[in-house]
J.: 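I am attaching a structure below and will ask some questions about it afterwards.
All ligand and atom numbering here is 1-based and tracks the order in the structure.
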Amino acid sequence: MDTRALSVFLSVAETLNFSRSGQALHMSVSAVSRTVARLEQEVGQPLFERDRRRVTLTRAGNEFREYARRSLADWQQLQRKLGSGGELAGEVSLYCSVTATYTLLAPILAALRGTHPSLEIMMHTGDQADGIGRVLEGQDDLAVTICPLNVPPRLEYLPLVESPLQFCMPASNCQVRERVLASQDDGRIDWEALPLIVPERGTTKELLDDWLRERDVRPQIYAQVAGHEAIVAMVSLGLGIGIAPQLVIESSGLGSGVDTISLEQGLPSLSIGLAALRQRLASPLVRALWEVAGQTYPDPV
Ligand SMILES: CC(=O)[C@](C)(O)C(=O)O
């Protein structure tokens, strides 16, 4: 984009004097004339009328002045947005669970501060199960989420880490724990006798439902909860057994409050990663975060 030519034109449109504009722009009069002549060629019409006494704008020149002002203003705005030296600047909105902010995301954001210091993250936290819906509806550019069983075609998914989905029980002595331990001694857990704290919605709920159905277990649901952190918290209080990704159990700060229940045929491992609309990945800002995330976790399996 030849913004220089537009600036020269705007100066002449202002001074209506080629030599005065030349002086102001530190250009020779002939260079100013050549620049204007080139623009007139591109437009296909004269922009100025010149006679020996004065210079005036033609009608096309007046129109072109509006265009040149708009273009230069847009260009300057874009430059400001991109920061000096073409650096990416602007906001990306990201949805994730509280756990994801201080586990998965912490190293990604640290890397971003080095590579793209003017990229700002607008973070929204909540149940990771809502991430896919929020991205599909355009509420957020990106979400950290467990890979859905079926990735919608409009969506791109970038796996970052794997974490096994685990059953967990209270770590301190209580009725629930005693019952789990007693039934474990018999070699099998009586699932129907244990209060179960389960996810309200999302992939982990679907996986648990499948797991229970395959074993013909009709569980006693104690509570349906939004967010794995809430499940772990309730389990640590002795209210029941629950499920959560190992990552959430380990980093909950309540880690010592819950124990994982080891099973021969437990729940499947989960892929946790980033989701975005394909279309949104065309934005350089969204793409930058995506790429830095991929570099931060190069080997997700
Ligand atoms: C998907 C995700 O962000 C976690 C950390 O696994 C979760 O919150 O469940």
J.: Please report which non-hydrogen protein atom sits nearest to atom 3 (O) of ligand 1, along with the residue it belongs to and the distance in Å to one decimal place.
T.: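 It is Ser97 OG, 3.3 Å.
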
J.: What atoms in ligand 1 come closer than 4.0 Å to a heavy atom of Ala100?
T.: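 Near Ala100, meaning under 4.0 Å from one of its heavy atoms, ligand 1 has 3 (O).
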
J.: Regarding Ser97 and His228, is there a side-chain donor-to-acceptor distance under 3.5 Å anywhere?
T.: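 Judged by distance alone, the side chains do not pair up.
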
J.: Suppose I only count heavy atoms of Val144 and a 4.0 Å limit; which atoms of ligand 1 are within that range?
T.: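 Listed by number with element, the hits are 3 (O).
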
J.: Thr103 versus ligand 1: do any nitrogen or oxygen atoms come within less than 3.5 Å of each other?
T.: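 Between Thr103 and ligand 1 (N or O atoms, distance only) the closest approach is not under 3.5 Å.
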
J.: Answer yes or no: is there a side-chain heavy-atom contact under 4.5 Å between His116 and Val292?
T.: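 His116 vs Val292: side chains touch.
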
J.: Do any nitrogen or oxygen atoms of His228 lie less than 3.5 angstrom from nitrogen or oxygen atoms of ligand 1?
T.: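 Between His228 and ligand 1, an N or O pair is found under 3.5 Å apart.
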
J.: For residues Glu229 and Thr99, is any side-chain donor paired with an opposing acceptor at under 3.5 Å?
T.: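 Glu229 vs Thr99: donor-acceptor pair found between side chains.
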
J.: Quick check on contacts: which atoms of ligand 1 are under 4.0 angstrom from a heavy atom of Ile146?
T.: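 With Ile146 as reference, the close atoms of ligand 1 come out as 1 (C).
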
J.: How would you list, by chain and number, every residue that makes a ring pair (Phe, Tyr, Trp, His ring centres under 6.0 Å) with Tyr157, sequence neighbours excluded?
T.: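 None.
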
J.: Using a strict cut-off of 4.0 Å, indicate which atoms of ligand 1 neighbour a heavy atom of Leu247.
T.: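 Under 4.0 Å from Leu247, ligand 1 has these atoms: 5 (C).
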
J.: Using a 4.0 Å cutoff against the non-hydrogen atoms of Val248, which atoms of ligand 1 qualify?
T.: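 The list of qualifying atoms is 4 (C), 5 (C), 6 (O), 7 (C), 8 (O), 9 (O).
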
J.: Can you find a pair of side-chain heavy atoms, one from Leu207 and one from Leu149, that are under 4.5 Å apart?
T.: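 Leu207 vs Leu149: side chains touch.
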
J.: Validate the cation-pi geometry between Arg213 and Trp211: distance from NZ or CZ to the six-membered ring centre under 6.0 Å, angle to the ring axis within 45°.
T.: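 The answer is no, since Arg213 fails at least one limit relative to Trp211.
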
J.: Give the atoms of ligand 1, by number and element, whose distance to some non-hydrogen atom of Ile272 is under 4.0 Å.
T.: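 Within the 4.0 Å cut-off of Ile272, ligand 1 contributes 1 (C), 2 (C), 6 (O).
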
J.: Would you say Pro245 touches ligand 1, if touching means a heavy atom closer than 4.0 Å?
T.: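 Heavy atoms of Pro245 do come under 4.0 Å of ligand 1.
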
J.: Can you name the salt bridge (charged side-chain N to carboxylate O under 4.0 Å, His left out) partners of Arg65, sequence neighbours left out?
T.: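 Residues passing salt bridge (charged side-chain N to carboxylate O under 4.0 Å, His left out) with Arg65: none at all.
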
